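Residue numbers start from 1 in every chain, and the chains themselves are labelled A, B, ... in the order their sequence lines are given, proteins ahead of strands. None of the values given here were measured: they were computed from a predicted structure.
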2 protein chains.
Amino acid sequence: MAERLAHYVTLTPSEEEALGQLEQQERSFRRGATVRGENDLGRELFIVQKGWLYSCVLLSNGSRQIMRFHFPGDVVGVTSLAFGRSIDSITAVTDAVLCPFDKDRLATVFEEHPRLSALIFSISLAERASLADRLASVGRTSARARVASLLCELLARLRVTGGADLLEFHVPLTQEEIGDATGLTAVHVNRMMRSLVDDGLIARNGSTIRILDEARLTAEVNFINRYAQLDTSWLPGAR
Amino acid sequence: MAERLAHYVTLTPSEEEALGQLEQQERSFRRGATVRGENDLGRELFIVQKGWLYSCVLLSNGSRQIMRFHFPGDVVGVTSLAFGRSIDSITAVTDAVLCPFDKDRLATVFEEHPRLSALIFSISLAERASLADRLASVGRTSARARVASLLCELLARLRVTGGADLLEFHVPLTQEEIGDATGLTAVHVNRMMRSLVDDGLIARNGSTIRILDEARLTAEVNFINRYAQLDTSWLPGAR
DNA sequence: CGACCCCTTGATTAGCCTCAACAACCGTGG
DNA sequence: CCACGGTTGTTGAGGCTAATCAAGGGGTCG
């Protein structure tokens with residue numbers, strides 16, 4: 001996590017130590033395992049060390065909405081910080097390793113490291129912006145654009161750690177999971193993926209996706225990369 | 001705003017003063033006016049004194065997605081805090097009065113009032129949860145449920161200031177605006193509203209809506225009130 | 001090897017959109 | 001005061017997108 005935050009500001013030793021405190025424990029989860037269910041009472045947050053996860057809600061009609069996929073370096077469970085119970089459930093897409101820590105630890109950070117807390121707040125706002133983008137995508141664009149948009153988001157986020165020139169990446173998601181993130185059925189996701197392939201925008205090889213025509217892909221989606229840069233000019237001084 | 005935060009914790013005099021600092025200026029906007037456009041450079045946030053507003057994004061296909069409606073006491077523009085430019089535009093639904101303040105003022109709050117900043121963070125997380133609920137609604141439920149869900153959300157939020165027994169409220173929104181919030185066309189919003197009226201769930205009189213059968217309405221939507229209570233147990237000590 | 005999961009494709013259905021027309025209401029200006 | 005244009009709400013008809021239902025194939029794990 002310290003590594004992630006260091007992308008945006010230069011951390012002081014004291015800040016680095018405070019962040020290190022949060023990553024002392026480790027817990028492993030198997031592919032498909034539920035880290036935390038909806039309505040659970042847990043007071044824990046998690047930092048992802050390894051693997052992909054997603055957070056989702058289950059609806060009374062039996063369907064599911066995936067809110068966000070989580071990669072190494074992400075903090076998951078933050079959304080439930082403000083509530084007594086967990087508001088979503090967290091599931092491992094692949095085998096994963098997480099570092100759990102208690103809410104109270106975050107209070108310490110807020111108390112002692114104003115700049116870190118403002119930065120964590122900023123990152124949370126970037127995630128919220130990304131959620132808003134997804135809402136716009138699901139609410140107001142075609143099925144094909146929604147799928148393309150999700151691919152663009154995954155690509156942009158993987159590039160943060162995988163290099164800005166990344167064009168080919170492994171997607172361990174089932175088409176049903178992609179559907180649950182984009183508000184589509186698995187069947188229709190399949191057709192839209194095929195349509196993207198047929199039009200030469202992407203290529204697929206098993207679960208590996210290669211971007212063939214990034215310009216046309218992003219143009220079709222009006223995608224905005226929320227992770228490229230944050231405005232850190234307003235942050236208070238470091239301690 | 002101090003009044004709003006006082007719902008969750010008892011503010012210290014020093015905290016109250018810090019919040020008062022944010023509400024020193026006032027600016028008025030006419031119905032339909034744009035407070036701040038997408039991509040604007042402004043470093044301002046706003047506290048709503050009077051009126052309804054919404055924040056939305058415009059898509060390249062000409063459509064619009066409304067992210068959230070804002071009422072008196074809300075802080076608007078927070079989402080753009082983390083970015084150099086505004087990520088959404090803010091428009092006045094009715095004549096409105098706002099108190100603008102600069103990002104830097106918030107930095108001061110983060111520096112000097114850890115509990116307030118954690119609380120502001122929590123409220124931002126509650127808004128994010130509400131956005132997630134909307135996404136689930138738009139992505140995975142029927143048109144009728146989406147409209148009903150929006151009505152439930154408005155009702156729950158108006159009750160925070162209007163009293164818990166509120167059943168009848170004025171909705172200054174056009175059906176097109178409701179459609180842009182729920183991912184529907186104005187025509188279909190109209191049909192769904194009619195269907196809710198025909199089934200005896202709500203009654204309409206001009207732009208006033210009365211909830212006739214709240215139990216059935218909320219049951220149809222699996223609505224969760226994100227504003228009723230926040231978990232403040234983890235907050236750091238006050239200053 | 002069998003069971004299960006996931007992908008794929010086809011046929012049909014349903015929900016929501018589009019287009020269109022008209023009524024009601026509002027603020028504006030003559 | 002009334003005429004007017006513009007906006008909003010309402011309703012109908014028809015079309016298209018995505019869902020549903022269904023069936024088969026490939027891969028993986030026990």
Just to be sure I understand the rule, does Gly183(A) reach a base, reach only the sugar-phosphate, or reach nothing, if contact means heavy atoms closer than 4.0 Å? sugar-phosphate

How long is the line joining CE of Met193(B) and C1' of dT11(D), in whole Å? 16 Å

What is the distance from CG of Asp95(B) to C1' of dC26(C), rounded to the nearest Å? 14 Å

Taking the inter-plane angle between the rings of Phe69(A) and Tyr54(A) on a 0 to 90° scale, is it parallel (under 30°), tilted (30 to 60°) or perpendicular (over 60°)? perpendicular

Counting just side-chain N and O atoms, does Asn190(A) come under 4.0 Å of either OP1 or OP2 of dC7(C)? no

Please state how far atom CG in Leu173(B) lies from atom C1' in dG9(D), giving the value in whole angstrom units. 14 Å

Tell me what Arg204(A) touches on the nucleic acid: a base, only sugar-phosphate, or nothing, going by heavy atoms under 4.0 Å. sugar-phosphate

Ignoring hydrogens and angles, are the base of dG15(C) and the side chain of Arg191(B) linked by a donor-acceptor pair under 3.5 Å? no

Rounded off to whole Å, could you give me the CZ-to-P distance for the Arg144(A) and dA18(D) pair? 11 Å

Looking at Arg68(A) and Ser130(A), would you say the former's side chain and the latter's main chain have a donor-acceptor pair under 3.5 Å? no

Any non-hydrogen side-chain atom of Leu135(B) less than 4.5 Å from a side-chain atom of Arg134(A)? yes

Would you call Glu26(B) and Lys50(B) a salt bridge, taking side-chain N to carboxylate O under 4.0 Å as the test? no

Tell me whether the OP1 or OP2 atom of dA19(D) has a side-chain N or O from Thr185(A) closer than 4.0 Å. yes

When the distance from CG of Leu196(B) to P of dG9(D) is rounded to whole Å, what number comes out? 16 Å

Set out, in order, the CA-CA distance, both residues' side-chain angles and the distance that settles side chain to side chain donor-acceptor pair (under 3.5 Å) for Ser86(B) and Arg36(B), then state yes or no. CA-CA 8 Å; Ser86(B) 166; Arg36(B) 196 183 63 184; 3.3 Å; yes

To the nearest Å, give me how far apart CD (Gln175(A)) and C1' (dG27(D)) are. 14 Å

N/O (side chain, Arg31(A)) to phosphate O (OP1/OP2, dT28(D)) under 4.0 Å: no

Separation of atom CE in Met192(B) from atom P in dA14(C), rounded to whole Å: 16 Å

Got a salt bridge between Arg159(B) and Glu214(B), using NZ or NE/NH1/NH2 to carboxylate O under 4.0 Å? yes

Nearest-nucleotide 5' precedence on DNA chain C, His188(B) against Val187(A): Val187(A)

Angle of first-five versus last-five pair axes in the helix from dC1(C)-dG30(D) to dG30(C)-dC1(D), to 10 degrees: 40°

dT10(D) OP1/OP2 closer than 4.0 Å to side-chain N/O of Arg194(B): no

If you find the nucleotide of DNA chain C closest to Glu176(A) and the one closest to Leu184(B), which residue's nucleotide is nearer the 5' end? Glu176(A)

Using whole Å, report how far CG of Asn61(B) lies from C1' of dT18(C). 15 Å

Can Arg128(A) and Glu127(B) be counted as an ion pair, charged N to O under 4.0 angstrom? yes

